**Student:** 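Dumping the structure here so I can ask a few things about it.
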Amino acid sequence: MTDLLDIIRDEIREAGPMPVSRYMALALGHPEHGYYTRQDPLGTDFTTSPEVSQMFGELIGAWAADVWHQIGQPKSFSLVELGPGRGTLMADALRAASGQPGFAAATRIKLVETSPVLTRVQQATLEPVVSKYGYMQPEWLTSIDALSEGPFIIIANEFFDALPIRQFVKMETGWHEQCVIDTNTGLALVPSPVPLREDVSLAGALAKAPTGAIAELCPAATAITSDLCSRIANTSGAILIIDYGYERSAAGDTLQAMRSGTYVPVLDQPGSADLTAHVDFQALADCAGEGVSAHPVTTQGKFLLRLGLAQRAEMLKQAATPDQAQTIDAALHRLTDREAMGTLFKVLAITAGRIEPAGV
Ligand code: SAH
């Protein structure tokens, strides 16, 4: 039994059934026992694209440098990453973009991270790159609220899938919030007995969902995206969101838990497994208000190949040993193949003004 399990049970005893969103927020972000608070899970529980190959972060660095050119090479702008993991993407991006004259001097690096453990890993990863290429010292923030100094170029890879979702079950009586209760045999998921009154946001495609259907909303994701959209609308810039998810809002249960690379039940030992949900890209694109454009969602495979992943792989292979060449080919395949990360992972670019983002 984990300490966090006790905490969750106590809260259910006092406050009643716990919405899935609260459970997910505690399991991932409890200040002491949360999954991300306690450890660096990358490489043990799951692997992300920047950890698969340096080429991923390099191409994103080139993408960011291109946006910087399109907004007129401002002398100062914020390069923001949400949930930077081990700092690998940012390090590769900074190295790749440093070849553009003036880029390093203009860049204010802002890392939005809640995990103290990962913040330390990011500091160690970025320190040598920052000093080698002449960037200013990065700034760490725990929330986007503290972001100032536009224009902004904002990157988020596998960040939105870690934000708490609400789940709803369609019953004869309407939509009911999915909640966690405590039973003799452990935690269990049950729909609240009382139907939702505020079912407005479950209209549209979900209005005709059959009985038994499950719908998900991620209020934190839409709140963050709307906030970032108004920041770029006011100052110019772009947002690049990469994650696994679906292009159009649809019913379906996508909440999943993973430990040591294996799926485990979502209520099993809270705080010890990564909990994620697929990202509803339509909901994020719909956050683009006046002065901001959401470009059509594309797949990670197409995006990376359009940015020149295959050519970059060839270049790296020219100086590689046969073993290294094999690793490069394997990474190319893993990042782009439909059976691997190429199709499930989607890319959404949101821009202000007349920017034509590369790759989408
Ligand atoms: N982008 C990285 C890591 C993805 S894992 C990569 O591609 O490798 C998710 C990251 O988001 C971790 O760094 C985690 O600590 C961070 N994170 C999760 N919830 C967060 C929140 N609410 N605010 C800021 N960072 C968060």
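Any value given below was found using the heavy atoms of this structure, including those in side chains, with hydrogens, waters and symmetry copies removed. Start at 1 and go down the list; that is how both ligands and their atoms are numbered. Source: prediction; values computed, not measured.
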**Student:** Does ligand 1 have an atom under 4.0 Å from some heavy atom of L163?
**Tutor:** yes
**Student:** Taking only heavy atoms of G85, which atoms of ligand 1 are found under 4.0 Å from at least one of them?
**Tutor:** 2 (C), 3 (C), 13 (O)
**Student:** Is L82 close to ligand 1, meaning an N/O of one under 3.5 Å from an N/O of the other?
**Tutor:** no
**Student:** Are E113 and T119 close enough that a side-chain donor and a side-chain acceptor fall under 3.5 Å?
**Tutor:** no
**Student:** Can the ring centres of Y244 and F160 be said to be less than 6.0 Å apart?
**Tutor:** no
**Student:** Do T183 and T185 pair up side chain to side chain, a donor and an acceptor below 3.5 Å, judged on atom types alone?
**Tutor:** yes
**Student:** L118 versus ligand 1: do any nitrogen or oxygen atoms come within less than 3.5 Å of each other?
**Tutor:** no
**Student:** Give yes if a backbone or side-chain nitrogen or oxygen of Y36 is under 3.5 Å from a nitrogen or oxygen of ligand 1, and no if not.
**Tutor:** no
**Student:** Salt bridge or not between R108 and E139? Use side-chain N to carboxylate O under 4.0 Å.
**Tutor:** no
**Student:** Less than 4.0 angstrom from a charged side-chain N to a carboxylate O is my criterion; do D40 and R86 meet it?
**Tutor:** yes
**Student:** Which atoms of ligand 1 sit under 4.0 Å from any heavy atom of T48?
**Tutor:** 6 (C), 7 (O), 8 (O)
**Student:** Which ligand 1 atoms does F159 reach within 4.0 Å, using its non-hydrogen atoms?
**Tutor:** 11 (O), 20 (C), 21 (C), 23 (N), 24 (C), 25 (N), 26 (C)
**Student:** Using a strict cut-off of 4.0 Å, indicate which atoms of ligand 1 neighbour a heavy atom of P50.
**Tutor:** 6 (C), 7 (O), 8 (O)
**Student:** In this structure, would L5 and M18 fall into the same cluster of hydrophobic residues linked by side-chain contacts under 4.5 Å?
**Tutor:** yes
**Student:** With a 4.5 Å cut-off on side-chain heavy atoms, are I12 and I8 touching?
**Tutor:** yes
**Student:** For atom 2 (C) of ligand 1, what is the closest protein heavy atom, and at what distance to 0.1 Å?
**Tutor:** G83 O, 3.3 Å
**Student:** Which is closest to atom 16 (C) of ligand 1 in terms of heavy atoms, E113, M90, E158?
**Tutor:** E113
**Student:** At less than 4.0 angstrom from any non-hydrogen atom of S115, what atoms of ligand 1 do you find?
**Tutor:** 15 (O)
**Student:** So for ligand 1, is N157 a polar contact partner (N or O within less than 3.5 Å, distance only)?
**Tutor:** yes
**Student:** Check Q282 against S249 and note the closest heavy-atom contact, atom names and distance.
**Tutor:** OE1-N, 2.9 Å
**Student:** Using a strict 4.0 Å cut-off to heavy atoms of L42, name the atoms of ligand 1 that fall inside it.
**Tutor:** 8 (O)
